[in-house]
Amino acid sequence: MQYWLMKSEPDCFSIDDLKACPNSTDMWDGVRNYQARNMMRDEMKKGDQVLFYHSNAKPPHIAGIATIASKQAYPDPTQFDPKSQYFDDKSTKDRPRWFLVDVKYKKKFKNPIPLDQVKANPKLKNMKLVQKGSRLSIQPVTSKEWDEVLAMTN
DNA sequence: GCCAACGTTGGC
DNA sequence: GCCAACGTTGGC
């Protein structure tokens with residue numbers, strides 16, 4: 001099993017929004033970055049654990065935990081929808097360009113971890129999240145980093 | 001709202 | 001294949 005961090009702007013889609021979805025599960029649509037796509041398509045497995053990160057929040061923070069709920073990645077339907085902001089006219093159903101996974105709510109931290117605290121923790125200095133210029137919306141997390149993050153919620 | 005850091009596009 | 005121009009992310 002692997003660990004991940006996935007970013008979302010809470011004004012757009014928060015961990016509470018995920019919880020409120022049917023079966024607390026939703027498609028992680030709208031990813032339009034190849035590195036992030038590749039991780040979803042090639043590496044994510046059902047049951048993988050996810051840190052749900054709220055970007056563009058005040059302050060930005062790790063909000064809770066979700067899990068990967070689809071067996072594997074599948075084509076993101078929004079790329080075929082001309083009305084969607086995520087529409088991609090270069091993508092075809094035969095050769096879809098963008099993939100997504102289903103994500104299921106697991107828990108919301110009683111004490112969310114602000115980005116400042118992640119930065120201040122020397123054990124987390126190698127996390128992609130705190131590295132300069134790291135904008136990827138999906139990032140791998142090591143098991144040590146995972147354990148350390150969870151320890152900070154106590 | 002600013003802007004640094006990246007990613008993507010497209011002319012050549 | 002280079003790279004300038006442009007677009008996006010996301011903290012501050």
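Proteins get letters first, then strands, A, B, ... in listed order; numbering begins at 1 in each. This one's a predicted model, so the numbers in the text were calculated from it and none came from an experiment. FYI, side chains are in, hydrogens and waters are out, and symmetry mates aren't considered; it's all heavy atoms of this structure.
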Return the value, rounded to whole Å, for the distance between atom [atom1] of [X] and atom [atom2] of [N].
{"X": "A/Arg37", "N": "C/dT8", "atom1": "CZ", "atom2": "P", "value": "19 Å"}
{"X": "A/Gln139", "N": "C/dG10", "atom1": "CD", "atom2": "C1'", "value": "12 Å"}
{"X": "A/Arg32", "N": "B/dT9", "atom1": "CZ", "atom2": "P", "value": "12 Å"}
{"X": "A/Tyr86", "N": "C/dT8", "atom1": "OH", "atom2": "C1'", "value": "13 Å"}
{"X": "A/Gln35", "N": "B/dT8", "atom1": "CD", "atom2": "C1'", "value": "13 Å"}
{"X": "A/Asp116", "N": "C/dG11", "atom1": "CG", "atom2": "P", "value": "11 Å"}
{"X": "A/Leu129", "N": "C/dG11", "atom1": "CG", "atom2": "C1'", "value": "11 Å"}
{"X": "A/Gln131", "N": "C/dG11", "atom1": "CD", "atom2": "C1'", "value": "16 Å"}

Handout entry: Short side-chain N/O contact from A/Lys119 to OP1 or OP2 of C/dC12, under 4.0 Å
Key =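 It does, given that an N or O in the side chain of A/Lys119 lies less than 4.0 Å from OP1 or OP2 of C/dC12.
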Exercise for the section: Ignoring backbone atoms, establish whether A/Lys7 has a side-chain N or O less than 4.0 Å from OP1 or OP2 of C/dG10. Expected result: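 For C/dG10, OP1 or OP2 has a side-chain N or O of A/Lys7 closer than 4.0 Å.
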Practice task
Select base, sugar-phosphate, or nothing to describe what A/Glu9 touches, counting heavy atoms under 4.0 Å on all strands.
Solution key: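 No contact.
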Exercise for the section: Consider the side chain of A/Arg97, meaning its heavy atoms from C-beta on, and name the nucleotide among C/dG10, B/dT9, C/dG11 that approaches it most closely. Expected result: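 Nearest listed nucleotide: B/dT9.
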Practice task
Please determine, for the side chain of A/Arg135, which listed nucleotide (B/dA5, C/dG11, C/dG10) has the closest atom?
Solution key: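 Selected nucleotide: B/dA5.
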Practice task
Tell me which of A/Lys132 and A/Tyr34 sits closer to the 5' end of DNA chain B, going by the nucleotide each one is nearest to.
Solution key: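 So the residue in question is A/Lys132.
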Handout entry: DNA chain B: 5'-proximal contact among A/Asn33 and A/Lys90 (nearest heavy atom)
Key =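 Result: A/Asn33.
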Exercise for the section: Assess the side chains of A/Thr78 and A/Asp76: does a donor N or O sit below 3.5 Å from an acceptor N or O? Expected result: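 Yes, because at least one side-chain N or O of A/Thr78 sits under 3.5 Å from a partner of the opposite role on A/Asp76.
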Handout entry: Modelled atom types, side-chain donor and acceptor of A/Tyr105 and A/Asp26, under 3.5 Å
Key =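 Checked: A/Tyr105/A/Asp26 side chains show no N/O donor-acceptor pair below 3.5 Å.
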Handout entry: Same cluster (ILVMFWY, side-chain, under 4.5 Å), A/Tyr3 and A/Ile62
Key =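 In one cluster with A/Tyr3: A/Ile62, yes.
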Exercise for the section: With rounding to the nearest 0.5 Å, note down the distance linking NZ in A/Lys45 to OG1 in A/Thr67. Expected result: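 Nearest 0.5 Å value for the NZ-OG1 distance: 15.5 Å.
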Exercise for the section: List the steps, then state whether salt bridge (Lys or Arg N to Asp or Glu O under 4.0 Å) holds for A/Lys108 with A/Asp16. Expected result: CA-CA 8 Å; A/Lys108 185 177 174 179; A/Asp16 293 321; 3.0 Å; yes
